[in-house]
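Below is one structure; the comments refer to it alone.
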There are 2 protein chains.
Amino acid sequence: MALLGLLISEGGASGYTLAKSFSGSIDHVWKAGHSQIYPELVKMVEAGLVDVDEEHRPRGAKHYTATEEGRAALERWLLEVEPNRTVRNEIALRSFLMSLLTPEQALRLLEREREHYRRRAERLAELRNALAEEPGRGFGYFSAELGFRISTAIHEWAEWAREETEKREEENSPD
Amino acid sequence: MALLGLLISEGGASGYTLAKSFSGSIDHVWKAGHSQIYPELVKMVEAGLVDVDEEHRPRGAKHYTATEEGRAALERWLLEVEPNRTVRNEIALRSFLMSLLTPEQALRLLEREREHYRRRAERLAELRNALAEEPGRGFGYFSAELGFRISTAIHEWAEWAREETEKREEENSPD
DNA sequence: CTCTGACATGTCAGTTTTGACATGAAAGCT
DNA sequence: AGCTTTCATGTCAAAACTGACATGTCAGAG
């Protein structure tokens, strides 16, 4: 569905273009490499969700476009299929397991993540601002805003967790 | 690693208990059903990360405990292995694809998510508060706090997005 | 004219994940 | 004694995903 949606929002593209576009837009929420994208496009053509044009294109490129059926399928999925709210986030997982480390070790981890999410939030803020500028262009920047807010939340959490850990350490070892 | 960490933090458990425990604690960041947990425990026993005691237990239950090697492996993973920062988040994905819907359709989706994450944030706040009470018990509540912060961020985003969408709709159809 | 890099498409083996199917033991209720 | 629920463990086929391998085109630089 990520791929189909991307194809629709691009208004037609090649697998290669889609792969490029995947990293850089929805990459932050769902990843797919070209080895997943190419077979998936074939399947979608077979399912009638997507049309392909293989003719007269440089370097044997194929041009894909969504069919009406494909658009309808995506719409149905968005509106009628109950979302799977399971999230897979290794950083958050590590934050859970962090409680098994010593405070010193935990602080190292926290520092690394804090920095990472600070940068990520920064980048997403820029992206959101750029997208918000485009006047006619729908509300695609909602996605960037969400990414920004989640990254900021994680960054602030890491900061809070660091302070909390330092506080505890002082309490436990009052030299 | 999620499973191993959970086992360590429980200080030994059965596959069944681990499955229960999985949903309700790390569930929010990484999911695994029993059909994944049972084979994985067998593999970890083979790898020497975990010990099993099958004797004299009611209903044929098996009791698993982490070995020193298992603890060391988890610690190494946390401290030395570069985290995979790929995130899979269907809600965020849908927020990206939302831009392909009409404002009315988008509003329906947003309302649903807003409500869902409001509830989730509430539940996690309670969990965090409960965990924070336990005095000796490490800093396992860090995880609940992170979940709470992320859920809150999504909830607030949904609220913001709804307002933003309504604003636009009014601009475009000034009856 | 060669070489490098971006364009472009695939395959494949191995791992992970999902959802359905399957089985049985113990506890509690009526 | 029969019934239901919770405890408890598994298997299996199908789908999704990853990383490595493999191939070829075209444009621009030197």
Side-chain angles (χ1 to χ4, degrees), chain A residues 1-7 10 12-24 26-47 49-50 52-65 77 81-90 93, chain B residues 1-4 6-7 10 12-24 26-47 49-50 52-64 77 81-90 93:
Chain A
M1 288 302 156
L3 186 62
L4 181 58
L6 190 58
L7 179 61
E10 304 263 300
S14 65
Y16 184 81
T17 310
L18 284 167
K20 287 274 154 178
S21 195
F22 219 103
S23 6
I26 34 188
D27 197 39
H28 293 306
V29 296
W30 207 280
K31 215 191 89 180
H34 78 275
S35 60
Q36 210 180 344
I37 288 173
Y38 289 125
E40 205 57 48
L41 284 166
V42 172
K43 274 192 219 167
M44 288 200 287
V45 170
E46 281 166 10
L49 305 176
V50 158
V52 63
D53 174 14
E54 317 194 31
E55 310 291 310
H56 322 302
R57 288 181 187 275
R59 297 176 232 208
K62 298 180 178 178
H63 193 252
Y64 293 95
T65 35
W77 183 72
V81 177
E82 185 62 16
N84 177 353
R85 281 166 179 113
T86 316
V87 161
R88 220 181 288 171
N89 185 333
E90 200 180 295
L93 171 63
Chain B
M1 287 303 158
L3 185 62
L4 182 57
L6 191 58
L7 179 61
E10 304 262 301
S14 66
Y16 183 82
T17 310
L18 284 168
K20 287 276 153 176
S21 194
F22 220 103
S23 10
I26 36 187
D27 198 38
H28 293 306
V29 296
W30 206 281
K31 215 190 91 180
H34 78 276
S35 59
Q36 210 180 345
I37 289 173
Y38 289 125
E40 206 56 48
L41 284 167
V42 172
K43 273 193 220 166
M44 288 200 289
V45 171
E46 281 166 9
L49 305 177
V50 157
V52 61
D53 174 13
E54 319 194 31
E55 309 293 309
H56 322 303
R57 287 180 189 275
R59 298 177 235 207
K62 298 180 178 177
H63 193 253
Y64 293 95
W77 182 73
V81 177
E82 186 62 15
N84 175 355
R85 285 175 174 104
T86 315
V87 159
R88 219 179 288 172
N89 185 335
E90 200 180 294
L93 170 63

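Here the structure is a predicted model, which is why all the values come from computation and not from measurement. So that the names make sense, note that chain A is the first sequence line, chain B the second, and so on, each numbered from 1.
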Does a side-chain heavy-atom distance below 4.5 Å link [X] with [Y]?
X       : Y       : answer
B:Phe22 : B:Ile26 : yes
A:Val81 : A:Met1  : no
B:Leu41 : B:Val52 : no

Working to the nearest 0.5 Å, report the span between OH of B:Tyr38 and CG of B:Leu18.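 Those atoms lie 9.0 Å apart.
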
Rounded to the nearest 0.5 Å, what separates atom CD1 in A:Ile37 from atom CG in A:Leu6?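 Reported to 0.5 Å precision, the distance equals 8.0 Å.
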
Within this structure, what is the [atom1]-to-[atom2] distance between [X] and [N], rounded to whole angstrom?
X       : N      : atom1 : atom2 : value
A:Arg59 : C:dG5  : CZ    : P     : 15 Å
A:Leu93 : C:dT16 : CG    : C1'   : 15 Å
A:Glu90 : C:dT16 : CD    : C1'   : 14 Å
B:Tyr38 : C:dT17 : OH    : P     : 18 Å

Side chains of B:Glu10 and B:Thr17: is there a donor and an acceptor less than 3.5 Å apart?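 Checked: B:Glu10/B:Thr17 side chains show no N/O donor-acceptor pair below 3.5 Å.
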
Mapping B:Thr17 and A:His34 to their closest nucleotides on DNA chain D, which lands nearer the 5' end?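 First, find each residue's nearest nucleotide; the 5'-ward one identifies B:Thr17.
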
A:Trp30 or A:Gly60: which one's nearest nucleotide on DNA chain D is closer to the 5' end?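 Nearer the 5' end of the strand: A:Trp30.
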
Could you check whether any side-chain N or O of B:Glu90 sits under 3.5 Å from a backbone N or O of A:Asn84, counting only pairs where one atom can act as donor and the other as acceptor?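 Checked: pair present.
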
Set out, in order, the CA-CA distance, both residues' side-chain angles and the distance that settles salt bridge (charged side-chain N to carboxylate O under 4.0 Å, His left out) for A:Lys43 and A:Glu40, then state yes or no. CA-CA 5 Å; A:Lys43 274 192 219 167; A:Glu40 205 57 48; 3.8 Å; yes

Mind checking what makes side chain to side chain donor-acceptor pair (under 3.5 Å) contact with B:Asp53, not counting sequence neighbours?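 With neighbours one apart ignored, the set is B:Arg57.
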
Terminal contacting nucleotides, 5' and 3', DNA chain D versus chain B (heavy atom, 4.0 Å):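 Footprint of chain B along DNA chain D, 5' to 3': D:dT6 to D:dC17.
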
Tell me which residues in residues 81-89 of chain A lie within less than 4.0 Å of DNA chain C, going by non-hydrogen atoms.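 Contacting residues: A:Arg88.
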
Determine: side-chain N/O of B:Gln36 to OP1/OP2 of C:dT18, distance under 4.0 Å, yes or no.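 For B:Gln36, the contact criterion (side-chain N or O under 4.0 Å from OP1 or OP2 of C:dT18) is met.
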
Just checking B:Gly33: base, sugar-phosphate only, or nothing, at a heavy-atom cut-off of under 4.0 Å?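 No contact.
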
Students often get this wrong, so: under 4.0 angstrom with heavy atoms, is B:Ser35 touching a base, only sugar-phosphate, or nothing?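 Contact class for B:Ser35: base.
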
